[in-house]
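What follows is a set of notes on a single structure, which appears directly below.
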2 protein chains.
Amino acid sequence: MPPNGSTGPTGTAAPTMRDVAARAGVSAMTVSRVLKDENVSAATRDRVLTAVRELGYRRNEVARNLRLGRSSGMIGLVVTNLGNPFYSQLALGAEQVAEKHGLRLVLGHTAGLAQREYELVDDLVSRRVDGMIVVPAGSAQQHLDPVSLGGVPVVLASSPPAGIEVDAVLVDDFGGARAATADLLAAGHRAVGFLGNPPTLFTGAERFRGYWAAHEEAGLVPREEWIRRGPDDIPTAAAAARELLDRADPPTALFCTNNRMTLGTYREIRRLGAATALAGFDDFEMADLLDRPITIASYDPGEIGRRAAELLLSRLEQGPNAVPGLTRRLVVPTTLVHYGR
Amino acid sequence: MPPNGSTGPTGTAAPTMRDVAARAGVSAMTVSRVLKDENVSAATRDRVLTAVRELGYRRNEVARNLRLGRSSGMIGLVVTNLGNPFYSQLALGAEQVAEKHGLRLVLGHTAGLAQREYELVDDLVSRRVDGMIVVPAGSAQQHLDPVSLGGVPVVLASSPPAGIEVDAVLVDDFGGARAATADLLAAGHRAVGFLGNPPTLFTGAERFRGYWAAHEEAGLVPREEWIRRGPDDIPTAAAAARELLDRADPPTALFCTNNRMTLGTYREIRRLGAATALAGFDDFEMADLLDRPITIASYDPGEIGRRAAELLLSRLEQGPNAVPGLTRRLVVPTTLVHYGR
DNA sequence: CTGTTAGCGCCTTCAG
DNA sequence: CTGAAGGCGCTAACAG
């Protein structure tokens, strides 16, 4: 038996244009035209619209897009950790821009796993998203090459392209880290420790570079014993901080490269009742409510989302006749903020 | 001229099954079968897979779903404020469950506007999402009725259905508020103020009810002058708190119904150097880092997302032959947590 | 102004 | 095991 076909009253399947047409006594084309606001006589239009209402008809945008040869009107957003407020701000920024252009956001969460990212990207392309904003989970990016993706434009967030030609929105990792570290040095500290994520991550490497540069510019050289790279969650960061502070010659100040680490370190300093000064990267709500001073290299994650979406949109407008090899790279600046007096 | 059609080397459009078939010297049907892992001779299969690889072909899931009469394999998630960490946790929970079933999440952000919610829901239905999880922006819900939505299942989060038959996942607003308030009363406070969102919101009303009940159960009656309902952002909450604390007879403790208000109030208490005790609803990261004690009715927002997704999935499995009138309502419990010693 | 034909990319059904 | 015909819901392109 045919799956649907009838205007059946209890019909479970959604009504189609033909159902509307039958009910209004016109052809499907006329219904299509009415829905597109094309020239149709007022009387016919009314009959059609009535039928639409009575049937609760909604045009199937999926079929429509297929016929029009358009893609889905959706853009993919692939992030490493949806649960992190940072990424939700980013998502919000992207959503706001996409929304204005009638585009919807499809979400993907990789949990930092390259394999998941790989599958997700593939799935999104199969679903014919118009484009994708990706926060890469690892350093390998070949699977993000628009060429192998059938031309679906990709914009990278937080990480620059490596071996592929795509646009990217970055944060001024180097500048922010340098400024934050310099702030500690300017306050007279000569023993500034470093707690950062692994150097394989672009942001980690850049922020470390900034830390080092600030020292050099002050005629100093950081001591390797005060450097810890690797921890990337609050408890591990706390443990690393403790290790540094437990030394015979503990650093008098610490610079942390992201908000997970800053929080873990803050907790530890506070627990030990140490007087260690603290600077970090990534702002967080309530940083101003803490009971000890802290310096943060701050920026707006929403800005990354907005910019990335804008880059993507401009690619979409260009269409496939884009000039290849002309990729853009935007850098969102950071601001130094002093909290807690 | 035909838009595509050729296996053109620089062909801009994505290759179709026919392109693959032509290249492999078979019919499109055979390609389809290979991709579905149906019975095809090993030799043919190899030829097809080679052509697939060479062309970078990906099956168009959109067209496939259309033909199969299936919907999109996506579920809509409509929230009031993506930027709020609460909702990103919720989204993460929902994503994790959806992911396991091969479903993708499509995001919608209403900014609390009923009109946006209306449009979004309509758009998502037109895009043929399999179902939707909605955090209602207002109290009107008629537009969320699956009946008028062509049978697309809806699950409400944070708010119970009003006049429509849908599943819902709620928080124990009443119990949490009662417990938090009772905690303040048990500590000897007899002047507990209330700072909450408008009573038109379900959560606001329920939490107020809990606050009141705790008083009653202690043989007390809250004083109207200590009650402020309406503010829903940090600065407004701070102003309302200040007003209460500036009174000749200020409350000695305050209960706040969400984390925005708790933060605003906390800031104000701290600024004034007041000794006011504080309890709130909604946990937040770093609550433990504050320098004064605070009691929180805590729960896991991710749990709401997971539960909501599970309810939705079970509806999807039932199919349209669901027993109507048998809606489910889940309540996520809260736990009282004491921070700051 | 309205209808007919054809086909987007894919898959079910029925032949071979 | 493989192919040809037909159609999912919709809309260009052409009639009339």
Side-chain angles (χ1 to χ4, degrees), chain A residues 1-7 11-48 51-52 55 57-73 125-128 150, chain B residues 1-7 11-48 51-52 55 57-73 125-128 150:
Chain A
M1 74 189 141
N4 185 23
S6 71
T7 320
T12 157
T16 100
M17 222 169 226
R18 267 205 277 288
D19 297 328
V20 177
R23 196 173 229 282
V26 297
S27 78
M29 231 8 254
T30 301
V31 177
S32 174
R33 290 199 180 99
V34 169
L35 265 32
K36 259 183 307 185
D37 262 320
E38 277 183 11
N39 278 341
V40 174
S41 78
T44 317
R45 152 166 287 117
D46 278 353
R47 291 226 311 291
V48 169
V52 164
L55 258 40
Y57 171 78
R58 283 156 208 269
R59 184 166 60 186
N60 184 333
E61 295 300 326
V62 174
R64 178 176 158 87
N65 285 334
L66 175 63
R67 176 60 242 242
L68 293 179
R70 293 209 287 239
S71 38
S72 60
V125 173
S126 290
R127 289 175 192 275
R128 294 302 189 263
Chain B
M1 76 188 142
N4 184 25
S6 72
T7 319
T12 157
T16 102
M17 222 168 224
R18 266 205 279 288
D19 296 328
V20 176
R23 195 172 229 284
V26 298
S27 77
M29 250 339 280
T30 302
V31 177
S32 174
R33 290 200 178 99
V34 169
L35 265 31
K36 258 184 308 184
D37 261 322
E38 277 183 12
N39 278 341
V40 174
S41 76
T44 317
R45 152 167 287 116
D46 279 352
R47 292 224 313 291
V48 169
V52 164
L55 258 41
Y57 170 77
R58 284 157 207 269
R59 184 166 60 187
N60 184 332
E61 295 298 327
V62 174
R64 177 177 159 88
N65 286 334
L66 175 63
R67 175 60 239 242
L68 293 178
R70 293 207 287 237
S71 37
S72 60
V125 173
S126 290
R127 288 176 192 273
R128 294 300 189 264

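Below, each value reflects all heavy atoms present in this structure, side chains not excepted, and no hydrogens, waters or symmetry copies. The sequence lines fix the lettering, A, B, ..., with proteins before strands; numbering per chain opens at 1.
At a threshold of 4.0 angstrom between heavy atoms, the contacts of B:Arg59 are confined to the sugar-phosphate backbone, with no base atom among them. Note on B:Met17: only backbone sugar-phosphate atoms sit closer than 4.0 angstrom, heavy atoms only; bases stay farther off.
Following rounding to the nearest Å, A:Asn39 (CG) and C:dT2 (P) show an atom-to-atom distance of 9 Å. Put simply, CZ on A:Arg70 is 12 Å from C1' on D:dC10, counting in whole angstrom units. Rounded to whole angstrom, the span from the NZ atom of A:Lys36 across to the C1' atom of D:dG9 amounts to 13 Å. A:Leu66 has its CG atom 19 Å from the P atom of C:dA6, to the nearest Å. Atom-to-atom, CZ of A:Arg33 to C1' of C:dG3 comes out at 8 Å; the value is rounded to the nearest Å. Residue B:Asp19 contributes atom CG, which lies 10 Å from atom C1' of C:dG9 at whole-angstrom precision. Here C:dG9 presents its P atom at 15 Å from CG of B:Leu35, a figure rounded to the nearest Å. Here the P atom of nucleotide C:dC10 and the CG atom of B:Leu68 are 12 Å apart, to the nearest Å.
Here the nucleotide nearest the side chain of B:Arg18, chosen from C:dC11, D:dC10, C:dC8, is C:dC8. Among the nucleotides D:dG3, D:dC1, C:dG9, the one closest to any side-chain atom of B:Asn60 is C:dG9. The side chain of B:Thr16 has C:dG9 as its nearest neighbour among D:dG3, C:dG9, D:dG9. For B:Ser32, the side-chain atoms get nearest to C:dC11 when compared with the rest of C:dC11, C:dG3, D:dT2.
The backbone N or O of B:Asn60 sits nowhere less than 3.5 Å from a side-chain atom of A:Ser126 that would complete a donor-acceptor pair.
For B:Thr44 and B:Arg67, each mapped to the nucleotide of DNA chain D holding its nearest heavy atom, the one lying further toward the 5' end belongs to B:Thr44. When each of B:Val26 and A:Arg58 is assigned the nucleotide of DNA chain D with its nearest heavy atom, B:Val26 is the one assigned upstream, toward the 5' end.
In terms of phosphate contacts, A:Arg64 brings no side-chain nitrogen or oxygen within less than 4.0 Å of OP1 or OP2 of D:dG9. Dashed line: the shortest gap from a side-chain N or O of B:Thr30 to OP1 or OP2 of D:dC1 is not under 4.0 Å. The phosphate of C:dG3 has OP1 or OP2 within less than 4.0 Å of a side-chain N or O from A:Ser27.
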Exercise for the section: Could you give me the CA-CA distance, side-chain angles and deciding distance for B:Thr30 and B:Thr44, then say whether side-chain contact (heavy atoms from CB on, under 4.5 Å) is met? Expected result: CA-CA 8 Å; B:Thr30 302; B:Thr44 317; 3.6 Å; yes

Practice task
Before giving the answer on side-chain contact (heavy atoms from CB on, under 4.5 Å), spell out for B:Val20 and B:Arg47 the whole-Å C-alpha distance, their side-chain angles and the decisive distance to 0.1 Å.
Solution key: CA-CA 10 Å; B:Val20 176; B:Arg47 292 224 313 291; over 6 Å; no

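Checking A:Arg64, A:Arg59, A:Met29 one by one against A:Met17, the side-chain contact (heavy atoms from CB on, under 4.5 Å) holds for a single residue, A:Arg59.
In terms of heavy atoms, A:Ala14 sits closest to A:Asp19 at O-OD2, 4.4 Å.
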